[in-house]
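We count ligands from 1, going down the list as the structure has it; atoms in each ligand are counted the same way. Residue numbers start at 1 and run along the sequence shown.
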Amino acid sequence: QYIGKPIKRIEDPRLITDKGAYVDDIKLPGEMFVAFLRSTKPHARIKVKKTDGVFTGEDINPGKDFPIPTQETTYIGQPIACVIAKDRYEAYDLLESIEVEYEDLPYILDPYEAIKDEVKVYSKLSSNIYFKEVYSSGDPEKVLKDSEVIEGELINQRMIASPLETRGNVSFFDGQRLTVWSSTQSAHYLRRNLVNFLGFSDIRVIQPDVGGAFGSKIITHPEEYALAKLAMKLKVPLKWIPTRTEEMISAGHGRDKKLKFKVGFTKDGIITSLVGTIIGDLGAPYADANDDEGGNVKSTARILLGPYKIRDALLSVYAVHTNKVPTTSYRGAGRPEATYFIERIINMIGNELGIDPIEIRLRNVIRPEEMPYKNAFGITYDSGNYPAILNLAKEYYRQLLSEAKENDCVGLAMYVEITGFGPWEVARVFAKSDGKIIAITGSGPHGQGDATGFAQIVAETLQIPIDSIEVRWGDTDIIEDGIGTWGSRTITVGGSAIMKASQELKERIMSVASKMLNADIEELEYEEGGKITHKKSGKSVNLNEVISFAYKNGVSLDVTSVYPVSKPTSPYGVHMAVVNIDKELDKIKVKKYIALDDIGRVINPLTAGGQIHGGVLQGIAQAIYEEAILDNQGNVLNPNLNDYGFPTAVESPEILWYYKEMALSSHPTGSKGVGEAGAVVSTPVIVNAVENCIKKRIFKIPIKLSEL
Ligand code: MCN
Ligand code: MO
């Protein structure tokens, strides 16, 4: 009995006794340090003087501007050349000797300006608009005419993920094979990109321990392509570890989306229609990033209607280039933006009409009998009981209201999101001759605790102690294929693959036992601890005996499974908080936060709850602390831990997490994802709370009380 139990993370003993190895801990004999020179102009023609020890775009991608520009730079912070030295200090010193000629070109930072296409972000683009899509359902314009209307523009600001560990890479070509250690969210994904870029396939990618990513380590960054290429040329081990400031001005930024909206509703608070325009700011052209973030812009649009039954809706959706750092996935990747927009809108309607936040949501949510529900923009919510979770929330909400003192505000928001993306995941489970069970995943957890969940799944399936299982991942040599860790997919998709492989291993074990006991499989019983008994005779064999027999008789106990997925699965929940506002000091403090979620079957409430804690704090920070502040050239003005406003334990409120397993997913694990849920919903919880108190509509975050 392991699934559903709060088992402590099996990853932790190693990590907390300083036995972890992050990419900077990889030390190869003769390694050289690489440092990148970064553009100081938002858009310019460049000439980098090539001298000894200076490498430019011409060395990486001759004649092209991607991944490293040879002719034209398109954002401040873009890597345009690099040097190689014996250590990082010498490397950074050397950077100063590089001569660059910049010839300024016109640039654009505002996406509304960029849409006009008067100035091109990059001279070879035919348009700054990466894509425009229209999502339409029913007759929203007409319905709007007969409705009460609120309109406005909501802004989801540009954010910086900046995990504890920056990106980093070690690349070494031994003349035959390229080995790459990278702080990444997926070894296999990085390998595929490098194979395509280099046109060379003898590549092994290793994901060592990773100190967080939050979406920023999905794509292959230009520096990584450069390292691989230079490692092949120079045949010495190369290491690149950016400084914190470099990380914050050049790793993919997140969010940066706007919604102009008109919402129609009845006097009873029923939303009748929504018409709007979404603008996603992709930043500069960089295929890996634009692909990734383009998808997130579409997600924002398609999930914008949230858990509510709105059939008349029209959205114009633009993904637009500007001369800023490219945006990429950031925890939630499109769903936090959508949830923020719709939850802010429904809060405004509630306040306008004087309807309680739970009541107004109850009037609008999709009913359980309508599940699975295909929303107006084609996303299917697989299962859920939205009225039930709102009704459960009532008691907690009342409790928070009663605890609120003077200058305390209470707010609430709801969400439905999509998790568990495909297309598939691979797992391998095998029994070693010494009886140990090894489980390997093709995904790439980097702080979430999925290894513990995987061990629980194997232990449960094989009914054996969890400490006889070892979980491995993050090396393209130990499992032939894989996808990765993002989109809160790992325990659901990766875990289902692990479950399938474990079940098949169990079948093989039963078949070996049937030979040993001279009986049909149907006559055998598999019991706790892996003991297999012949029901009639009472004779039994244990797991170790079966494994040993299998090895001696040439039966493989090594199972690889592929688990395919075609549709995401939809967790949902209601979160609420008490917030204290101090107008004089312009300070907002979250005092207490309650999260109520249905994420299907919970594999491990300890690690799942940990995800809610972290995600919630990240979203709180978006409401009241964090923002990438850019000057009029696109320089990030707060690219350091001091100025940016990351929350710490001091800013963290008491966070209580309650979960209800009301609607399982159809995956073998029954689970839905939770890795992003906290960040998906907590931002509007906080903003709604403040708005409820100050009785003025809030359109900009992070909230500055003095500006309201
Ligand atoms: N879990 C569970 N029951 C469920 C769902 C999840 O017990 N029904 C547990 C899992 O066993 C795992 C954890 O919750 O321990 C998260 O699982 P899952 O929801 O599958 O999410 P992923 O593992 O795929 O994590 C990805 C998600 C994303 S997309 C971002 S961004 C993010 C996040 O995880 N980045 C993180 N959380 C992070 N946490 C850390 N520490 N570092 C990051 O970079
Ligand atoms: Mo993510």
With heavy atoms of [X] as the reference, note each atom of ligand 1 found under 4.0 Å away.
X	value
Asn604	2 (C), 7 (O)
Lys672	4 (C), 5 (C), 8 (N)
Gly673	19 (O)
Gly212	42 (N), 44 (O)
Trp486	29 (S)
Val602	3 (N), 8 (N)
Glu676	28 (C), 29 (S)
Arg331	31 (S), 32 (C), 33 (C), 37 (N), 38 (C)

Flag for [Y]-[X]: side-chain donor and acceptor within less than 3.5 Å:
X	Y	value
Asp281	Thr322	yes
Ser671	Thr669	yes
Ser162	Arg244	yes
Ser443	Glu425	no
Glu337	Asn296	no
Asp288	His221	no
Asp597	Tyr415	yes
His446	Gln448	yes
Lys257	Thr327	no

Please work out which of the three classes, parallel, tilted or perpendicular, describes the rings of Tyr563 and His667, given edges at 30° and 60°.
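Because their plane-to-plane angle is over 60°, the rings of His667 and Tyr563 count as perpendicular.
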Nearest neighbour in protein (non-hydrogen) for [atom]:
atom	value
atom 21 (O) of ligand 1	Ser488 CA, 3.4 Å
atom 2 (C) of ligand 1	Ile603 N, 3.6 Å
atom 9 (C) of ligand 1	Thr607 OG1, 3.6 Å
atom 44 (O) of ligand 1	Ala213 N, 2.7 Å
atom 42 (N) of ligand 1	Phe214 CE2, 3.6 Å
atom 26 (C) of ligand 1	Gln448 NE2, 3.4 Å
atom 8 (N) of ligand 1	Arg601 O, 2.8 Å

Yes or no: does Gly215 have any heavy atom under 4.0 Å from an atom of ligand 1?
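A heavy atom of Gly215 does come that close to ligand 1.
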Any atom of ligand 1 sitting under 4.0 Å from a heavy atom of Gly487?
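Heavy atoms of Gly487 do come under 4.0 Å of ligand 1.
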Check: Gly453 N/O within less than 3.5 Å of ligand 1 N/O
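Between Gly453 and ligand 1, no N or O pair is found under 3.5 Å apart.
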Distance-only N or O hit between ligand 1 and Ile491, under 3.5 Å
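Yes, since at least one N or O of Ile491 sits under 3.5 Å from an N or O of ligand 1.
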For the ring pair His253 and Tyr330, is the centre-to-centre distance below 6.0 Å?
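No - the distance between ring centres of His253 and Tyr330 does not fall below the 6.0 Å cut-off.
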Examine Tyr396 together with Tyr658 and report whether their ring centres are nearer than 6.0 Å.
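Ring centres of Tyr658 and Tyr396 closer than 6.0 Å.
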Per atom 17 (O) of ligand 1, closest listed option by heavy atom (Asp450, Thr490, Val674)
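Heavy atom nearest to atom 17 (O) of ligand 1 belongs to Asp450.
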If you take the nearest heavy atom of each of Gly447, Ser671, Gly449, which one is closest to atom 41 (N) of ligand 1?
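Considering heavy atoms of Gly447, Ser671, Gly449, the nearest to atom 41 (N) of ligand 1 sits in Gly447.
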Is the contact between Thr485 and ligand 1 made by the side chain, the backbone, both, or neither, using heavy atoms and a 4.0 Å cut-off?
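Only the side chain of Thr485 comes within reach of ligand 1.
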Counting only heavy atoms, which portion of Gln611 has something under 4.0 Å from ligand 1: side chain, backbone, both, or neither?
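Gln611 to ligand 1: side-chain contact only, backbone stays beyond 4.0 Å.
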Count the heavy atoms belonging to other residues, nucleotides or ligands that lie under 6.0 Å from NZ of Lys660, then report whether that count exceeds 12.
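Atom NZ in Lys660 is not crowded, with 12 or fewer foreign heavy atoms closer than 6.0 Å.
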Above 12 or not: heavy atoms from other molecules or residues under 6.0 Å from NZ of Lys567?
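Not buried by this count: 12 neighbours or fewer within 6.0 Å.
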